[in-house]
Number of protein chains: 2
Amino acid sequence: MAIDLNTGSGTGNSKIKNSFGLAVAQMGPVHLNDSRVAVVARLLEMMREAASRGAKMVVFPELALTTFFPRYWMDDAEVNARFFEPSMPSAETQPLFDLAAQLKIGFYLGYAELTADGHRFNTSVLVDENAKIVARYRKIHLPGHSDHKPDAPFQHLEKKYFEVGNEGFGVTDMLGTRIGQCLCNDRRWPETYRVMSLQSARIVVLGYNTPSWNIHWSEPPHLRMFHHLLSLQANAYQNGLWVAAAAKCGAEDGFHMIGGSAIVAPTGEIVAQAQSEDDEVIFSNCDLGLGETFLQHVFNFAKHRRPEHYKLITERTGAGEPLSASALKTTQPQE
Amino acid sequence: MAIDLNTGSGTGNSKIKNSFGLAVAQMGPVHLNDSRVAVVARLLEMMREAASRGAKMVVFPELALTTFFPRYWMDDAEVNARFFEPSMPSAETQPLFDLAAQLKIGFYLGYAELTADGHRFNTSVLVDENAKIVARYRKIHLPGHSDHKPDAPFQHLEKKYFEVGNEGFGVTDMLGTRIGQCLCNDRRWPETYRVMSLQSARIVVLGYNTPSWNIHWSEPPHLRMFHHLLSLQANAYQNGLWVAAAAKCGAEDGFHMIGGSAIVAPTGEIVAQAQSEDDEVIFSNCDLGLGETFLQHVFNFAKHRRPEHYKLITERTGAGEPLSASALKTTQPQE
């Protein structure tokens, strides 16, 4: 599949049927003392680059507006005041919506949501080409812990600062296709993508902040990047959809996070990947029909899936004992 | 993790805690006119090699005793007579059980099962170190079609020759660990592994016959190997378990199938992979504790899974419309 590089900006690509210009805007570090205004200025610059390359949509990271604050133990009043958004858009984020409307580009943005009645979620929104918020997602798979680990080099306090998302894994029709969204750790759970592909999602977008070091055990650091890409690739393939993932990465006040922002085709192949640990826009003209060949044959869900044998997935949370021999009829084969 | 090569056969490896010697016996082609006796002789030779390398268990392919007959359109009487096993063991397969008992080695074997009342399944069995069949699995995800496609270069008639397995995805305690089994196309569906990891499987074993060409569309052939390995690696990682996969491969009467038999660690890393498209034994001392680090932290199911948001996986078979806006509360965020 040769990509014609001479089609000019914003025109799509005539060699790819049903082409969708998709950009991912990876972010380098955001330090504790960086202002929202400075961060938004970086996002605006990348939004302009994405639009100039022909993107219909740009994917920003998780918690894009601040440093990855779950690494710090703080009291609620301080964390709420410094890192959470009581409204979206806000005075500081309005310029993103204004530029999106002007450029006619959609976007996905992750941020810390503080509701009017004091609930806190790790949230993302999908914004259409008219700068209207058309969908919201509240993160369901919260990694880490809620207690203070004073001996650890850093914390991972998502279970302290956020409630589990209460709105499910939705999909949204926008920009002529159907898009699902999730956040960071969600990408490691096959259930995330399956629930969205069962709603006919064609693209899944997500942002992430992934520390390069594991505070719980001495995991070889190269595995962090491998597991990130493996999760995107396998789930894109197994669900016949595109996956676009945006990192916030590099060293935030000395705490390093992996990059590796990527756009993955329904073949499981990486078609674009960030090279830096800094602000960087990657782009691909995505053939939205590519997944169909898989979904009509090897992954024809209606023909091949057998939900009657998947019941444990919703009946159990943790791992347990084998189903009883009678339930599974694991008797000696007849002879 | 350095592997000590000087521990001798059958003694395990002192450098790896909780080591389990696991062998995969890949098979080269079995042609239409090859006899069961000749095939079993090949399996016996590989069983001896596996035992000599310290294996507690050896994994043989799917439909190991015959050619991959679903590529041929035949009438029921002929196919039943030539390719199905009315009993296991049989006169021809008894030597496998005799040698296993003598060598004190367990095995997994795939074959075409014909029941006394005429039902047909694509089946595998787990046999313990005393040569006792301790579990049976009947393939659930049957690929292909049931109609005759005379214009295709070959058929893929699993949906004609086999019924969908009626006994679920079970797991079995044997050889001091807990083993789950599946077959071929099952390995591409994340539900397969998840149902077994929710029953605390530590190893999933499987056999496969995967044609190198797709009769439905011009899939680039390199993707067949990539998708095979990607599925094993991602699902091993996402479920914190070992996966061992045995191919029957090479050209059976001119019809080529991929090799790539592999043993994959819970890190998602391939620790052994076949190099040939012929009979070949691969082996690894598997650290059965390796998955625990993942299952206690990033994939601590009890702490992190959210089955209330996975319901579509069992409620729907095929892909459909988005859940209603009210069900997902995808309303405009409050401002």
Side-chain angles (χ1 to χ4, degrees), chain A residues 87-88 115-116 125 133 135-136 140-141 143 164 167-172 188 190-191 194-195 197-200 216-217 223 226-227 230-231 233-234 237-238 267-268 293 297-298 301-302 304-307 309-314 316-323 328-330 332-335, chain B residues 87-88 115-116 125 133 135-136 140-141 143 164 167-172 188 190-191 194-195 197-200 216-217 223 226-227 230-231 233-234 237-238 267-268 293 297-298 301-302 304-307 309-314 316-323 328-330 332-335:
Chain A
S87 69
M88 182 58 62
T115 71
V125 285
I133 296 175
R136 176 181 64 201
I140 286 172
H141 296 103
V164 172
E167 299 180 332
F169 293 105
V171 299
T172 305
R188 304 182 192 273
E191 290 90 346
R194 189 64 105 215
V195 169
S197 65
L198 284 168
Q199 299 173 76
S200 306
H216 300 291
W217 65 292
L223 288 180
F226 172 59
H227 291 156
L230 181 64
S231 298
Q233 293 182 270
Y237 164 61
Q238 290 172 342
T267 59
T293 39
H297 301 296
V298 59
F301 288 180
H304 301 311
R305 289 185 81 246
R306 290 287 158 183
H309 294 301
Y310 306 157
K311 286 183 185 162
L312 272 197
I313 292 171
T314 51
R316 284 189 183 170
T317 301
E321 288 305 301
L323 291 174
L328 278 176
K329 304 188 199 106
T330 49
Q332 189 81 353
Q334 60 226 17
E335 292 181 39
Chain B
S87 69
M88 182 58 62
T115 71
V125 285
I133 296 175
R136 175 180 64 199
I140 286 172
H141 296 103
V164 172
E167 299 180 330
F169 293 105
V171 300
T172 305
R188 304 182 192 274
E191 291 90 345
R194 188 64 104 215
V195 169
S197 65
L198 284 167
Q199 298 173 76
S200 306
H216 300 292
W217 66 292
L223 288 180
F226 172 58
H227 291 155
L230 181 64
S231 298
Q233 293 182 269
Y237 164 61
Q238 291 172 342
T267 59
T293 39
H297 301 296
V298 61
F301 288 180
H304 302 310
R305 289 185 81 246
R306 291 285 158 184
H309 294 300
Y310 306 156
K311 287 182 184 163
L312 274 196
I313 293 171
T314 51
R316 282 189 184 172
T317 301
E321 288 306 299
L323 291 174
L328 278 177
K329 305 192 199 105
T330 50
Q332 189 80 356
Q334 61 225 15
E335 292 181 37

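Naming convention: chains lettered A, B, ... in sequence-line order (proteins, then strands); numbering from 1 in each chain. Being a predicted model, the structure only gives us computed values, none of them experimental.
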Legend entry - Choice from A:Gly268, A:Gly318, A:Gly320, A:Ala234 maximising heavy atom contacts with chain B below 4.5 Å: A:Gly320
Legend entry - Residue part contacting chain B, namely of A:Pro190, when any heavy atom lies under 4.5 Å: both
Inset, instruction - State, to 0.1 Å, how close B:Ile313 and A:Pro307 come at their nearest heavy-atom pair, and which atoms those are. - result: O-CB, 4.0 Å
Inset, instruction - Look only at the side chain of A:Arg194 and the backbone of A:Gln238, and say whether a donor-acceptor pair between them is shorter than 3.5 Å. - result: yes
Inset, instruction - State, to 0.1 Å, how close B:Ser197 and B:Phe301 come at their nearest heavy-atom pair, and which atoms those are. - result: OG-CE1, 3.4 Å
Legend entry - Top contributor to chain A contacts, counting heavy-atom pairs under 4.5 Å, from B:Val195, B:Thr314, B:Thr267, B:Leu198: B:Leu198
Legend entry - Distance, nearest 0.5 Å, that separates CZ of A:Arg136 from OG1 of A:Thr172: 11.5 Å
Inset, instruction - Give a yes or no on whether the backbone of A:Glu167 and the side-chain of B:His309 come within a donor-acceptor separation of less than 3.5 Å. - result: no
Legend entry - Under 4.5 Å from any heavy atom of chain A - which part of B:His304: both
Inset, instruction - Evaluate the ring planes of A:Tyr237 and B:His227, with Trp represented by its six-membered ring, and classify them as parallel (under 30°), tilted (30 to 60°) or perpendicular (over 60°). - result: parallel
Inset, instruction - Among B:Lys311, B:Arg316, B:Glu191, B:His216, single out the residue with the greatest number of heavy-atom pairs under 4.5 Å to chain A. - result: B:Glu191
Legend entry - Heavy-atom pairs under 4.5 Å with chain A, option from B:Leu312, B:Leu223, B:Val164, B:Thr293 with the top count: B:Thr293
Legend entry - Interface moiety of A:Ser231 toward chain B, non-hydrogen atoms closer than 4.5 Å: both
